[in-house]
Amino acid sequence: MTQKPVMHSAHWGAFHAQQQGDRLTIEPFKGDPDPSPLLQNFRTALNHPARVSCPMVRRGWLENGPGPDDRRGNDEYVAVSWDEAYALVTRELQRVGDTYGPEGIFGGSYGWSSAGRFHHAQSQVHRFLNTTLGGYVRSVNSYSSGSASVLLPHIVGDMTEIARRGVSWEEIAQHSEIVLAFGGLALKNSQVASGGLSEHTERGFMQQAAQRGTRFISVSPLKSDLPEEAQGEWLALRPGTDAAFILGVLSVLIAEQLTDEAFLARYTVGWPEMAAYIRGEEDGTPRDAAWAAEICGVSADFISDFARQLHGKRVLVTVAHALQRAENGEQPVWLGLVLAAALGQPGLPGGGYTYALGALGHYGKHHNLVSFPALPQGKNGIDRLIPVARISDMLLNPGKQFDYNGRRLTYPHIRLAYWAGGNPFHHHQDLARLRQAFCQLDTLIVHEIAWTASARHADIVLPATMTLEREDIGGAPTDRHLFAMQPVAQPFGEAKDDYAIFTELARRLGREEAFTEGRDTRGWLQHHYAQLQQKLAAHQVEIPDFEKFWQQGVLELPQLKDGGRMINAFRADPEASPLPTPSGKIEIFSATIASFNYENCPGHPVWREPQQQPNADHPFWLIANQPATRLHSQLDFGDYSLSGKRDGREVCSLHPADAAVSGINDGDIIELYNARGHVLASARLTETIMRGVVQLPTGAWYDPVDPTALRPLCRHGNPNVLTLDIGTSSLAQGCSGQITVVQVRKYRGEVTPVQAFNPPNTLSFS
C-alpha cells in the first residue's frame with residue numbers, strides 16, 4: 001500500500017491519512033474551519049486486537065445446528081475457512097428461504113456503517129436479500145428520530161423538509177432574535193453527519209449570531225448542551241417535562257392575548273381545540289403556569305415572564321432528538337410547532353420551527369444542486385415491517401399484534417437475522433431483554449470489523465474491512481464537497497468488504513448477475529459518478545471525468561440556498577403552496593391522528609405523565625445521551641474515545657451535592673442500578689448538571705460480568721443495560737431510551753478489568 005497521504009472521509013469529516021508502522025497520521029481537510037477530534041479514533045484502529053481476523057462460527061451452532069440457544073453471548077468460536085463459511089451461510093439461507101420464505105428473514109443492519117456511498121452496509125445487505133432471496137422483513141424509521149419522523153408528516157410535512165431543509169444557520173446568524181432550543185444545540189452532535197461533512201460551521205455561526213445579539217436559550221438538564229460561543233442561557237427543567245412547560249407558556253400567551261390570532265386563523269387548523277385543552281375546558285384541569293410549575297420544577301412567575309419575553313421577537317423554536325426519545329416523545333415535538341405558530345413565526349426569516357437543529361451536521365446547512373446516486377436496493381417482494389426499536393418485541397412475540405401509525409400489524413416469526421454495519425447492543429434498550437430476544441433465533445449472521453457485543457451474540461461472524469481498507473466515494477446531500485475515499489491500508493487478516501462477500505454468496509445461490517449487474521466495486525463507483533455527471537449536465541454544470549476526480553481526491557459541487565423552502569412558500573401563499581397535510585395547513589389538531597383512537601397520542605398535543613418517575617428506590621433521572629468522543633459506538637476502542645474514559649470505564653456526571661449525600665468523590669467507581677441491571681462508571685462531579693440527574697453517554701461496548709444474568713452488571717458503562725424497552729406511543733413506537741430512573745451508590749464489590757475489546761475464546765477449525 002502506498003505510503004503517501006491519501007484522501008479519505010468519515011461521518012465526522014474528511015482527511016488525509018498516511019500509514020506509519022501500526023499507526024495512522026491524520027490530517028483534517030484544509031477547508032474545515034473546526035475539524036472534529038473524532039478523526040483521531042482512526043490512529044490505532046487498523047490493527048487493533050478487537051478486529052475480527054477470519055470467519056468465525058459459534059461453537060454451539062456449529063455442533064448442534066440452527067435453533068434457539070441460550071448460549072448466545074456466552075460461547076466459544078471456531079475459526080473456519082472462507083470456503084466453509086460461505087457454504088454454511090449459503091445452506092442456511094437456502095433452508096430458511098425454502099422453508100419460511102422472506103417472512104422468516106430479518107434484514108437488520110441498522111447503523112451508520114461507512115461514510116462511503118457504495119460500501120454502505122445497509123444498502124448492501126438489503127440489495128442482497130432482495131435480489132437473491134426475494135425480500136426480507138424490514139425495519140422503518142430510526143432510533144434517533146423514530147417519533148418525530150412519524151408525527152411530522154401528519155402535522156406539517158416530511159421530516160426531511162423540516163430538519164434537513166429547515167431554517168439555515170446562515171439565516172439564524174443574520175435574523176434570529178431568540179433561538180429557543182429544547183434539548184440544546186450540543187456541538188458534539190452536529191460534528192457528525194451520515195455520508196460525512198467537510199466543513200464544521202455551527203460554532204462559527206452561533207458565535208456570529210451571539211455577537212449580533214441573538215439570545216440562545218438551551219432547555220436541558222445539562223449545561224453542556226450549548227457551547228460557550230453561543231453566550232446563551234441555561235434553563236434546567238425536570239427531565240421529560242418540556243411538554244408541560246410549553247403548555248404553561250401557551251397558557252400565558254392566551255390569557256394575556258399575546259398570540260398571533262391572524263396567523264393561527266389563516267395557517268393552522270385546530271387552535272380552538274388546543275386552547276380549550278389548555279384552559280381546561282375538556283376535563284376541568286387548566287394547564288396554566290402554576291400547573292406547569294409543579295411539574296417542571298420552575299416557578300409560575302418564571303414561566304409567565306418567559307412567555308412575555310417571546311412576544312414581539314423573531315423566535316426560532318427547535319426541538320432536539322433527545323425529547324422524542326422518551327415516553328410520549330411525540331408531544332414536545334408537536335408542542336414546539338404549536339408554540340412557534342402561536343407566536344406567528346413560521347416562514348419568517350430566522351423564525352419559526354425547525355426539528356433537531358444541531359442534532360446532525362446536515363441540519364441547518366445548504367443542499368447540493370443534485371444528490372449523489374445511491375446503490376439501488378432492488379425490490380422487496382413482501383411488505384412486512386417493524387418500527388426499528390421494536391426488535392426485541394418482534395423476536396419475543398411472534399404472531400402478536402401491535403399498533404403503528406394507524407395500522408394494526410403482526411410481528412412475524414423471524415428465523416434468521418442478517419446484520420452488517422450495525423450494533424444493536426449499542427442502540428437498543430434493556431440489553432438483558434435484547435439478549436433473550438436474540439436467543440430465540442435459529443441463526444444470526446453478522447459482518448463486522450471487530451468483536452462488538454452484537455458479533456459476540458452471532459452464530460456466524462464474517463470479518464469485514466474497515467472503510468480505511470477499501471475505495472469508495474464519500475458525500476452527503478448537504479456537503480458541497482465530494483471525496484474520493486482512497487484505501488489507506490491492506491485489509492486486516494482475511495477481512496473482505498461486504499460487496500465481495502455478498503457477490504460470492506449470490507454466485508452460490510445462482511443470483512450473481514442480479515446482485516452485481518456485472519460490475520465490480522470500481523465499476524459501480526464509475527457508474528454512480530457518471531450518473532452524477534448526467535444530473536449536473538442537465539443544469540449546465542460540467543465536472544471532471546472519473547479518473548481526474550479520483551486523482552485529485554475532492555470535487556466541489558454547486559449548492560442551493562433554499563432553507564425553509566416549504567414553509568416560506570406556504571407563508572407567502574398558503575392557497576398556492578399548501579403543506580402536504582390533509583388540511584394543507586399546520587395541524588394543531590390532526591383529525592387523522594384522532595381517528596386512530598390512541599389514548600397515548602390523541603388528536604392534539606397533550607401532557608401525559610411518563611410511567612417512569614423517581615422514587616425512594618430510584619431517586620435519580622439518568623440521561624443516556626450521545627457521546628462526545630465517538631459516533632455512537634463506532635471505534636469505541638479508538639484513541640479519542642479511550643481518552644474520555646477513566647481507567648477504561650465510561651464517566652458518569654453528577655452534581656456535587658448529590659454525590660456528597662452518597663459519600664461519592666470525583667473518580668470513584670460508582671454503581672448505577674434499577675430493576676433491569678447494574679452499570680459501573682467513574683464518577684465526575686460537576687455543577688453543569690442539575691441536581692437529581694446523572695448523565696452517562698451511550699456507546700461504551702457492552703461488557704457484562706455474566707452475559708447470562710437476568711440483571712447483568714456491565715463493568716464498562718453501557719447505560720442501555722438500564723433503559724426501558726417500550727415504544728414512545730402507539731402512533732410511532734419510537735425508541736424511549738433517552739431517560740430512565742436509577743439509584744446510584746459507591747461501588748463496594750470487586751472491580752474487574754474491562755474486557756469489552758478482548759476477542760472471545762476461539763478454537764481452531766479442524
Side-chain angles (χ1 to χ4, degrees), residues 9-12 38 41 45 50-52 106-129 136-146 149 189 192-196 321 325 359-362 374-375 377 386-392 417-429 431 434 437-438 444-458 461-467 470 472 474 476 497-499 501-502 626-627 630-638 641 697-702 718 720 734-735 737 756:
S9 185
H11 294 303
W12 45 92
L38 269 64
N41 278 329
R51 294 290 304 270
V52 182
F106 182 68
S109 303
Y110 173 86
W112 283 61
S113 62
S114 168
R117 296 299 80 196
F118 174 69
H119 289 296
H120 180 251
Q122 286 185 62
S123 300
Q124 292 283 346
V125 70
H126 295 163
R127 176 179 174 85
F128 170 74
L129 294 174
Y136 61 96
V137 176
R138 72 189 195 278
S139 63
V140 295
N141 309 325
S142 73
Y143 281 83
S144 296
S145 60
S149 60
N189 298 330
V192 302
S194 54
H321 283 331
R325 293 184 71 250
L360 286 173
H362 292 307
L375 178 67
Q377 296 185 19
I386 63 164
V388 68
R390 303 273 58 80
I391 184 170
S392 290
Y418 209 127
W419 224 282
N423 182 14
F425 278 84
H426 155 65
H427 47 247
H428 200 71
Q429 287 65 60
L431 295 184
L434 180 66
F438 273 115
L444 173 60
I445 303 171
V446 166
H447 296 192
E448 202 29 286
I449 68 166
W451 284 105
T452 64
S454 298
R456 293 170 190 268
H457 286 78
V461 182
L462 303 180
T465 52
M466 288 180 64
T467 172
R470 57 191 183 228
D472 210 330
D497 64 64
D498 298 313
Y499 185 66
I501 296 170
F502 286 133
Q626 297 304 311
R630 57 188 171 264
L631 169 56
H632 296 302
S633 67
Q634 280 196 18
L635 301 179
D636 187 28
F637 54 76
S641 182
T698 60
W701 284 13
Y702 181 45
N718 188 321
N720 277 327
C735 158

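The figures here come from the full heavy-atom set of this structure, side chains too, leaving out hydrogens, waters and symmetry mates. Quantities reported herein were computed from a predicted structural model and do not represent experimental measurements.
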Say you draw a straight line from CG of Asn423 to OG1 of Thr452; how long is it, rounded to the nearest 0.5 Å? 4.5 Å
Could you tell me whether the side chain of Gln626 and the main chain of Leu631 form a donor-acceptor pair under 3.5 Å? no
Can Ser114 and Arg470 be said to form a side-chain contact (heavy atoms from CB on, under 4.5 Å), step by step? CA-CA 11 Å; Ser114 168; Arg470 57 191 183 228; 3.3 Å; yes
Please report the interatomic distance NE2(His120) to CZ(Arg127), rounded to the nearest 0.5 Å. 14.5 Å
The criterion is side chain to side chain donor-acceptor pair (under 3.5 Å); which residues satisfy it with Ser149, sequence neighbours excluded? none
Looking only at non-hydrogen atoms, find the nearest pair between Phe425 and Leu431 and report the distance. O-CD1, 3.7 Å
Which pair of non-hydrogen atoms, one from Ala420 and one from Val125, has the smallest distance, and what is that distance? CB-CB, 4.5 Å
Contact between Met466 and Leu635 at the side-chain level, heavy atoms closer than 4.5 Å - yes or no? yes
Sidechain-backbone polar pair: Gln122 side chain, Gly111 backbone, donor-acceptor under 3.5 Å: yes
Where Ala455 and Ala450 come nearest, the two heavy atoms and their spacing: CB-O, 3.9 Å
Grab the two heavy atoms, one from Gln377 and one from Ser123, that are nearest each other, plus how far apart they are. NE2-OG, 3.4 Å
Using 0.5 Å steps for rounding, measure from the CD atom of Gln634 to the NE2 atom of His11. 5.5 Å
With sequence neighbours excluded, tell me which residues meet ring pair (Phe, Tyr, Trp, His ring centres under 6.0 Å) with Tyr143. Tyr110, His427, His428
From Asn189 atom CG to His321 atom NE2, the distance as rounded to the nearest 0.5 Å: 8.0 Å
d(Glu448 CD, Asp498 CG) to nearest 0.5 Å is 9.5 Å
Please enumerate all residues that pass salt bridge (charged side-chain N to carboxylate O under 4.0 Å, His left out) together with Arg630, with sequence neighbours excluded. Asp636, Glu650
Applying salt bridge (charged side-chain N to carboxylate O under 4.0 Å, His left out), name anything that partners Arg390, two or more places apart in sequence or on another chain. Asp393, Asp725
Nearest heavy-atom contact between Leu444 and Ser454 is CD2-O, 4.3 Å
I would like to know whether Val461 and Trp451 meet side-chain contact (heavy atoms from CB on, under 4.5 Å); could you show each step before the answer? CA-CA 9 Å; Val461 182; Trp451 284 105; 3.9 Å; yes
Once ring pair (Phe, Tyr, Trp, His ring centres under 6.0 Å) is applied, do any residues pair with Phe502, and if so which ones, sequence neighbours excluded? Phe128, Tyr418, His447
Under 3.5 Å: donor-acceptor pair, side chain of His362, backbone of Gly196: no
By ring pair (Phe, Tyr, Trp, His ring centres under 6.0 Å), His119 pairs with (sequence neighbours left out) none
Test item: Arg51 side-chain N/O and Pro463 main-chain N/O as donor-acceptor pair under 3.5 Å: no
Any donor and acceptor pair, going by atom type alone, linking the side chain of Trp701 with main-chain N or O of Ser633 inside 3.5 Å? yes
The test is side-chain contact (heavy atoms from CB on, under 4.5 Å); show your working for His426 and Tyr702 and say whether it passes. CA-CA 7 Å; His426 155 65; Tyr702 181 45; over 6 Å; no
d(Ile449 CD1, Thr465 OG1) to nearest 0.5 Å is 9.0 Å
Backbone N or O of Ala115 within a donor-acceptor pair of the Asp472 side chain at under 3.5 Å? no
Using only atom types and a distance under 3.5 Å, with no angle test, would you say the side chain of Asn720 pairs donor to acceptor with the backbone of Thr698? no
Closest non-hydrogen atoms of Gly737 and Cys735, given as atom of the first, atom of the second and distance, are N-SG, 3.3 Å
